[in-house]
Participant: 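Once you've had a glance at the structure underneath, I'll fire off some questions.
What you see is a predicted model, and the numbers here were worked out from it, not measured in a lab. In what follows, chains carry the letters A, B, and so on, assigned in the order in which the sequence lines appear, proteins first and then strands, with residues in each chain numbered from 1. The figures here come from the full heavy-atom set of this structure, side chains too, leaving out hydrogens, waters and symmetry mates.
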Protein chains: 2
Amino acid sequence: MLTPRDLAILDILQRDSDTPLADIGAKVHLSPSACSRRIAHLRENGYIRRNVAMIDRARVGLPTTVFVTVSARTHSAGWTEQFRHAVAQIPEIVEVVRLTGSIDYLLRVVLPSVDDYDRVYKALVARIEMNTVNASIVMETVKAAETLPLG
Amino acid sequence: MLTPRDLAILDILQRDSDTPLADIGAKVHLSPSACSRRIAHLRENGYIRRNVAMIDRARVGLPTTVFVTVSARTHSAGWTEQFRHAVAQIPEIVEVVRLTGSIDYLLRVVLPSVDDYDRVYKALVARIEMNTVNASIVMETVKAAETLPLG
DNA sequence: ATTGAAAGGGTGTCGAT
DNA sequence: ATCGACACCCTTTCAAT
């Protein structure tokens, strides 16, 4: 369903979607037109969702990242729905996942500075009751692959 | 240095970098050529780093995400360097940040299945001694903005 | 310095061989 | 898969503000 050649193309495009078809073709030993068809196929079948611009967060005034762990007030469908609604309304919360273990949710918050976290915290507690909320500031990005381990 | 119009353009491009200049121009009330120039400036000045393809992880056989918290064995320059080197060598570890608080590092691991985590764990402990290692499996993605809160 | 209109060039796409 | 023609879109130039 997905040949090694397709994976190689995906690997190129996840690093730079502006790569000319001629360059892609040279790397995977295919003609530019054939690459075009493969890529169209990958798009139609949902392997490639869309192309996006990678913006330098620091450059646009959002250098700070805070991870927040949350444990639920109650384990009920109502609380879950309310929590989902709360985080959806706060744009600084850019990612929320539900986890196994004693911590229920992990939130990634992107901000101009650590001082701004207080705003997000207050916005959150105003919308939903939580058992525990624990914020950790990102001091350093050790690895940012931003790329999937393909192949 | 960065007008509201520039932010609007960035907001469009971080969602879909294939948006034609004519469409962008219509939204920000600018001609396509003017948009082209603005974007070129944004690239040159480092606001836009590059364009990348968003790949559907599940579709390419990597549906599982595991977050791992690590506390250091010792707080020394040597350990830190060795840890940095260790995570750099393991492709499944796609993101590593150093945090404030009792947990030193947060790792994001992308895998075909939860069973594959054991491989990553063993690869990690073979390379670096750690005080505590704690893995939490992502059960559900509640919010995946994948977009910065601009404007 | 920044804009819009029009010309020019590059690149992707589609057909035929 | 290669070749060639077409079409589209981005880019550049130029006059104007």
Side-chain angles (χ1 to χ4, degrees), chain A residues 1-63 112 145-151, chain B residues 1-62 145-151:
Chain A
M1 197 72 130
L2 206 62
T3 67
R5 188 171 271 162
D6 288 327
L7 283 173
I9 292 174
L10 287 175
D11 195 37
I12 293 168
L13 294 179
Q14 77 170 342
R15 295 168 201 278
D16 183 7
S17 60
D18 294 329
T19 312
L21 293 173
D23 294 13
I24 300 173
K27 286 179 186 170
V28 303
H29 309 294
L30 221 61
S31 70
S33 53
C35 287
S36 176
R37 278 189 294 270
R38 291 311 312 154
I39 294 169
H41 196 261
L42 291 169
R43 279 189 147 280
E44 285 160 15
N45 293 54
Y47 295 100
I48 299 171
R49 282 209 297 265
R50 62 197 202 281
N51 293 332
V52 300
M54 297 263 317
I55 295 171
D56 191 312
R57 281 194 297 111
R59 211 91 179 71
V60 296
L62 296 167
E146 290 167 350
T147 174
L148 262 28
L150 300 176
Chain B
M1 199 67 175
L2 206 61
T3 68
R5 186 172 274 164
D6 288 326
L7 283 174
I9 292 174
L10 287 175
D11 195 38
I12 293 169
L13 293 179
Q14 76 170 344
R15 295 168 201 278
D16 182 6
S17 59
D18 294 328
T19 312
L21 294 174
D23 294 14
I24 299 172
K27 286 180 185 169
V28 303
H29 309 293
L30 222 61
S31 71
S33 54
C35 288
S36 174
R37 277 189 292 265
R38 295 306 322 149
I39 293 168
H41 280 263
L42 291 169
R43 279 189 146 281
E44 285 160 18
N45 293 45
Y47 295 101
I48 299 172
R49 281 210 297 268
R50 62 195 203 281
N51 293 332
V52 300
M54 297 263 319
I55 295 171
D56 191 313
R57 281 195 298 111
R59 211 91 179 72
V60 296
L62 295 167
E146 289 167 349
T147 174
L148 264 28
L150 300 176

Participant: Determine, for nucleotides 7-17 of chain D in 5'-to-3' order, which nucleotides have protein heavy atoms under 4.0 Å from the base (write B), from only the sugar-phosphate (write S), or from neither (write -).
Facilitator: ---SBBB----

Participant: Which donor-acceptor pairs under 3.5 Å do side chains of residues 55-62 of chain B form with protein atoms, sequence neighbours excluded?
Facilitator:
{"from": "B:Asp56", "atom 1": "OD1", "to": "B:Ala58", "atom 2": "N", "distance (Å)": "3.1"}
{"from": "B:Asp56", "atom 1": "OD1", "to": "B:Arg59", "atom 2": "N", "distance (Å)": "3.1"}
{"from": "B:Arg57", "atom 1": "NH1", "to": "B:Leu62", "atom 2": "O", "distance (Å)": "2.9"}
{"from": "B:Arg57", "atom 1": "NH1", "to": "B:Thr65", "atom 2": "OG1", "distance (Å)": "3.1"}
{"from": "B:Arg57", "atom 1": "NH2", "to": "B:Thr65", "atom 2": "OG1", "distance (Å)": "3.2"}
{"from": "B:Arg59", "atom 1": "NE", "to": "A:Asn45", "atom 2": "O", "distance (Å)": "2.8"}
{"from": "B:Arg59", "atom 1": "NH2", "to": "A:Asn45", "atom 2": "O", "distance (Å)": "3.2"}

Participant: Find the distance between CG (A:Leu7) and CG (A:Leu42) and round it off to the nearest 0.5 Å.
Facilitator: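 The CG atom of A:Leu7 sits 9.0 Å away from the CG atom of A:Leu42.
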
Participant: With rounding to the nearest 0.5 angstrom, report the CG to CD distance, B:Leu148 to B:Gln14.
Facilitator: 5.5 Å

Participant: What closest approach, in Å, do A:Met1 and A:Asp6 show between heavy atoms, and which atom pair accounts for it?
Facilitator: O-OD2, 4.4 Å

Participant: How far does CG of A:Leu2 sit from CD1 of A:Ile9, to the nearest 0.5 angstrom?
Facilitator: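 Here the interatomic distance stands at 9.5 Å.
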
Participant: For residues 47-54 of chain A, dump all side-chain donor-acceptor pairs below 3.5 Å to protein atoms at least two apart in sequence or in another chain.
Facilitator:
{"from": "A:Arg50", "atom 1": "NE", "to": "B:Arg15", "atom 2": "O", "distance (Å)": "2.9"}
{"from": "A:Asn51", "atom 1": "ND2", "to": "B:Asp18", "atom 2": "OD1", "distance (Å)": "3.4"}
{"from": "A:Asn51", "atom 1": "ND2", "to": "B:Asp18", "atom 2": "OD2", "distance (Å)": "3.0"}

Participant: If a pair means Watson-Crick or G-U wobble with both distances below 3.5 Å, what does DNA chain D look like in dot-bracket form, with | marking bases paired to a different strand?
Facilitator: |||||||||.|||||||

Participant: Earliest and latest nucleotide of DNA chain C, 5' to 3', sitting under 4.0 Å from a non-hydrogen atom of chain A?
Facilitator: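 So the contact region on DNA chain C extends C:dG12 to C:dC14.
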
Participant: Would a 4.5 Å heavy-atom cut-off, applied to side chains only, mark A:Ile39 and A:Leu21 as touching?
Facilitator: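 When only atoms from C-beta onward are counted, A:Leu21 and A:Ile39 do touch, with a gap below 4.5 Å.
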
Participant: Would you give me the side-chain donor-acceptor pairs under 3.5 Å for residues 22-37 of chain B, sequence neighbours excluded?
Facilitator:
{"from": "B:Ser31", "atom 1": "OG", "to": "B:Ser33", "atom 2": "OG", "distance (Å)": "3.1"}
{"from": "B:Ser31", "atom 1": "OG", "to": "B:Ala34", "atom 2": "N", "distance (Å)": "3.2"}

